[in-house]
Amino acid sequence: MTAETYDAIVIGAGFAGLYAVHRLASAGRSVLGLEAAEEVGGTWYWNRYPGARCDVESVDYSYSFDDGLQNTWTWTERFAAQPEILAYLEHVADRFDLRRHYSFCTEVVGARFESSSSTWLVRTADGGQRRGRFLLCATGCLSAVNRPDIAGADDFDGEVYYTANWPHDEPDFRGKRVGVIGTGSSGIQVVPIIAERAESLVVFQRSPNYSVPMPNRPWTEEDVRRIRAEYPERRRKAAYAPAGTPHTSNATPLAETAPRERWDALTERWTQGGVLFSKTFPDQLTDLAANDVAREFAEAKIRDVVDDPRVAEDLIPTDHPIGTKRICTDTGYYETFNRPDTTLVNLRREPLTAITADAVHTSAASYGCDVLVFATGFDAMTGALARIDPVGPAGDRLADLWADGPLTFLGLMVPRLPNLFSLGGPGSPSVLANMVLHAEVQVDWVLDLIEFVAARGIVEVEPRRDAAGEWTDHVAAVADNTLFPRAQSSWYLGANIDGKKRVFMPYVGGFGVYREHCDRTAERGYPGMVFTTR
Ligand code: FAD
Ligand code: NAP
């Protein structure tokens, strides 16, 4: 084999991959980035549907590692839209000269660890092979697009779009009958905008979700000055906070709060907007009675907005406590269903039976469509890595190692797959945290470990089976102490993908607690690891 051996191969050019490449290159390591897309951006490259925005404030949902970057980039609004976040990541790539390390339009289709050289041999879709001592899989927790297998979908004659793989040239919906399938965060963001542009819109909803209005606004110059002045404190608060943002829950549990004050606190959080509503009270995601109060508050808001009471009831979830599926954030979502040209179809009442050349059929009716938009989500947390299906030195495939659900050490490493790191994947707070700071924490930890082993002549490092088992049991035990597992239809459990093992995948112990686990492991010299020297 003649492939050049890099110190590290990084798969992915989103927030995690770019930071990993930057840290490795800055440390003087040879690094190759491989990215399926033609440019940097990850999530924000692919999900360019109208209405796409972050639901964590941009001043927090941005890198903290470089003061110069932080103090020279100006977010124009509170929750930036996709083009601005993509522009930010392009700016980061320029500022730190990261593109020179990448091979774009290069999809990784396989990886095998070779014991003879203690390296990963990575196969790409173009038939190429690349070799690296360490393999950092920054492949994304929400990047493997879910394309549901719906009878007749291939016969549809009109235009078809996926929110998660949106075309670069914006589709023209004028004068067209559009059907949107899916009402998660993506569907909820795109629906109001399509309704404004199309002749008519039918929203096919299998499960309703809770959504909080996003009180977005442009930043003024004064805001920007204030944010810059507050940044060090803001980042200090976020560093070990439960969600990786400066915001925390009220100190007193809802159960111990007077009814009037509960309502005031929920109103305040509702008005602040975004995912924070789930964390108004510390017991909201652990005590069903407390959750019921928050849930009823949100349901009353839906009934207030939606004119038709039957439509309002269809829009109210009945299958999970509020916040146990990711709460959505919207701009005018519920109001959209007051439009005469917008129809909600409840697929629980009238299941989708087939798609034909010009219509979507349910058990009750046929809905003519010129355009179909699939907002049907992702094979989340494990999908992107499973599609690569890395193979360890003894021939163990990830697919087999994870047949009973993901087994990880700190959500970062997998026994029998040495020198491989999964970033943002199962067993880490991942999607329950601000994923930008999460990427920084994980990449910093990986870099420290790489330096640790390099200094000791260690060529292979992997977690012991029992250490990974202990962490994985801890992830499950923490989840079982919350209401999260009650959301049985959630992608947190893999429930949206046929045949996927139902296991609660993210670590709900909190970003700060997770970071302490990572810190402690490093400080103690990485107990639970097997080190191999030549
Ligand atoms: P990604 O950004 O997903 O990047 C992974 C990259 O790896 C992709 O570019 C992909 O093409 C590449 N890749 C994958 N497999 C391969 C392969 N086999 N070969 C080559 N390349 C490959 N999180 C928040 O914290 N706050 C938010 O507000 C928020 N909003 C979101 C909005 C949307 C629409 C979506 C879908 C997710 C959102 N998330 C949010 C989660 C988001 O995914 C993370 O915040 C973050 O962007 C993930 O960065 P990443 O680098 O880990 O992965
Ligand atoms: P999602 O939450 O998984 O929603 C997918 C939707 O498609 C669900 O309503 C699902 O119904 C439906 N669906 C899937 N297959 C279907 C089928 N065969 N027939 C009918 N309906 C089907 O995916 P998403 O909306 O892309 O969001 C995923 C995550 O990305 C979010 O939870 C969030 O973490 C992140 N995100 C964030 C933002 C943001 O606000 N910043 C925006 C977009 C995405 P079921 O629920 O019944 O499966």
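Both ligands and their constituent atoms are indexed starting at 1 by order of listing.
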Task: Proximal ligand 2 atoms for Phe378, defined as those under 4.0 Å from one of its heavy atoms - done: 26 (O)
Open item on the list: With a 4.0 Å cut-off on heavy atoms, is Tyr45 in contact with ligand 1?
Closed with: no
Open item on the list: Do Lys237 and Thr248 pair up side chain to side chain, a donor and an acceptor below 3.5 Å, judged on atom types alone?
Closed with: no
Open item on the list: Tell me whether Val431 reaches ligand 1 (any heavy atom closer than 4.0 angstrom to a ligand atom).
Closed with: no
- [ ] Enumerate the atoms of ligand 2 whose separation from the nearest heavy atom of Tyr49 is less than 4.0 angstrom.
- [x] 42 (C), 43 (C)
- [ ] For Ala138 and ligand 1, answer yes if some heavy atom of the residue is under 4.0 Å from a ligand atom, otherwise no.
- [x] yes
Task: Where ligand 1 meets Val56 - atom numbers and elements under 4.0 angstrom, heavy-atom basis - done: 26 (N), 28 (O)
Open item on the list: Show the atoms of ligand 1 that are less than 4.0 angstrom away from any heavy atom in Ser143.
Closed with: 3 (O)
TODO: Give the atoms of ligand 1, by number and element, whose distance to some non-hydrogen atom of Asn47 is under 4.0 Å.
DONE: 34 (C), 36 (C)
Open item on the list: I want to confirm something. Looking only at heavy atoms, which of Thr329, Asp55, Leu432 is nearest to atom 28 (O) of ligand 1?
Closed with: Asp55
TODO: Indicate, as side chain, backbone, both or neither, the part of Pro148 found under 4.0 angstrom from ligand 2 when only non-hydrogen atoms are considered.
DONE: side chain
Task: Interfacing atoms of ligand 1 (cut-off 4.0 Å, heavy-atom, Tyr49) - done: 34 (C)
Task: Close approach of Leu352 to ligand 2, heavy atoms, under 4.0 angstrom - done: no
Open item on the list: Does Asp498, at its CG atom, have more than 12 non-hydrogen atoms belonging to other residues, nucleotides or ligands within less than 6.0 Å?
Closed with: no
Open item on the list: Under 4.0 Å from a heavy atom of Lys325: which atoms of ligand 2 are those, numbered in the order shown and with their elements?
Closed with: 46 (O)
Open item on the list: Contact between ligand 1 and Leu385 is defined here as a heavy atom of the residue under 4.0 Å from a ligand atom; is it met?
Closed with: no
- [ ] Nearest heavy atom to atom 43 (O) of ligand 1 wins, so pick from Thr43, Val109, Thr124, Leu18.
- [x] Thr43
Task: Close approach, Arg348 and ligand 2, non-hydrogen under 4.0 angstrom - done: yes
Task: Where ligand 2 meets Thr183 - atom numbers and elements under 4.0 angstrom, heavy-atom basis - done: 6 (C), 8 (C), 9 (O)
TODO: Run the numbers for me: atoms of ligand 1, each under 4.0 Å from some heavy atom of Ala433, listed by number.
DONE: 25 (O)
Open item on the list: Out of the candidates Tyr102, Phe15, Phe65, Tyr63, only one should pair with His22 under the ring-ring contact (aromatic ring centres under 6.0 Å, His included) rule; please name it.
Closed with: Phe65
- [ ] Answer with side chain, backbone, both or neither: which part of Arg53 has a heavy atom less than 4.0 angstrom from an atom of ligand 2?
- [x] backbone
Open item on the list: Please classify the His320 to ligand 2 contact at 4.0 Å (heavy-atom distances, strictly less than): side chain, backbone, both or neither.
Closed with: neither
Open item on the list: Pair Phe484, His320 - check ring pair (Phe, Tyr, Trp, His ring centres under 6.0 Å), show working.
Closed with: CA-CA 9 Å; Phe484 277 98; His320 65 279; over 10 Å; no
Open item on the list: Show the atoms of ligand 1 that are less than 4.0 angstrom away from any heavy atom in Phe378.
Closed with: 36 (C)
Task: Residue-ligand contact Gly424/ligand 1, heavy atom below 4.0 Å - done: no
Task: contact_flag Trp46 ligand 1 heavy-atom lt 4.0 Å - done: yes
- [ ] Considering the heavy atoms of Glu107, write down every atom of ligand 1 situated less than 4.0 Å from one of them.
- [x] 19 (N), 20 (C)
